[in-house]
Amino acid sequence: MLDQIKGLHHVTSMAKDARENNDFFTHKLGLRRVKKTVNFDAPDVYHLYYGDEVGTPGSVMTYFPFPNIGRGRHGVGEVGTTVFSIPEGTLRYWRERLMKEGVTGLKADASFGENRLLFDGPDGDSFALVEVKDDERAPWTHGGVPADEAIRGFHSASLRLKDGGATEELLKFMGYEPVDSSGNIRRLAIANGNGAGVIDIETLPGANYADLGAGSVHHIAFAVENRAKQLEVRKALVDTGYQVTPVIDRDYFWAIYFRTPGGVLFEVATNEPGFDRDEDTAHLGEALKLPKQHAHLRSYLEKHLQPIEG
Ligand code: ZN
């Protein structure tokens, strides 16, 4: 069993409208936009990153807004709900805030003894806020949500699978341990993680496969401290028979990707070098940053990407 993985690093989804997406995460949820760049593999669309002050791994929600994309259809073989951690006793604040902001899909429930508020993202994305006692992570507090209520980072993500068995075995290999189960959901958690250490596997044998589109998660990334640990994880996965990409430079982290047995795309990303490698912490996410391979496209992109400020 591996011990290099510390929980989630980021969750990356698809959206239709960049401006609406930016407004939802910065204004409605009060996260900080920590990077405005482009999809390195399709540079005519943005890659927007939202998180805490510096985009600490375990807090980072990222989006590819494709202006012409259709709405996704939820099903199995994908990430189900992405869950953010909020302080104990703040669900009432959040319910009122999200209602006032016109957020849809609001529904309170309890999951594994924790109080949650489910809500939809701008493209029907499935999100929840869950009250967590003593989450020590520091929130971003300049987004309009007071420190006592602000999001601390991710709590968990759920995977909706036709058959969860092989994916559970993989997660155990990656260092997760089964900690609880309820109905068709099995909860796994990582010991000594970064606060975003829970994965729920929801098994739905009769459901249709998802069609990915706006509102769908594209992949989830797991955090390792550095490139040496990432290479250890890569070798272990390859030796086990997984087809893993070479290490790819994403400017703010290094990434490897592999498709899991249940159909979800996993990434393992490094905590180094971080989002402040090319701009001051005070101004993170303000300027359009381009990787060097796409720097020559700047004037074209500045004209053609939808403006998202204001
Ligand atoms: Zn990623």
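Ligands are counted one by one from 1 in listed order, and the atoms in each one are counted from 1 as well.
Under the 30°/60° scheme for interplanar angles, the aromatic rings of His294 and His296 are found to be tilted. Ring geometry for Phe154 versus Phe84: interplanar angle under 30°, hence parallel rather than tilted (30 to 60°).
Around the Zn ion (ligand 1), the protein N, O or S atoms found under 2.8 Å comprise His10 NE2, His219 NE2, Glu267 OE1.
Using a 4.0 Å cut-off between charged side-chain N and carboxylate O, Lys107 and Asp120 make no salt bridge. Between Glu168 and Lys172 there is a salt bridge, since at least one side-chain N of the basic residue sits less than 4.0 Å from a carboxylate O of the acidic one.
Pairing each heavy atom of Glu279 with each of Ala287, the nearest pair is OE1-N, 4.0 Å.
With sequence neighbours left out, Ser85 forms a side chain to side chain contact (heavy atoms under 4.5 Å, CB included) with Val132, Asp135, Arg137, Arg152, His155.
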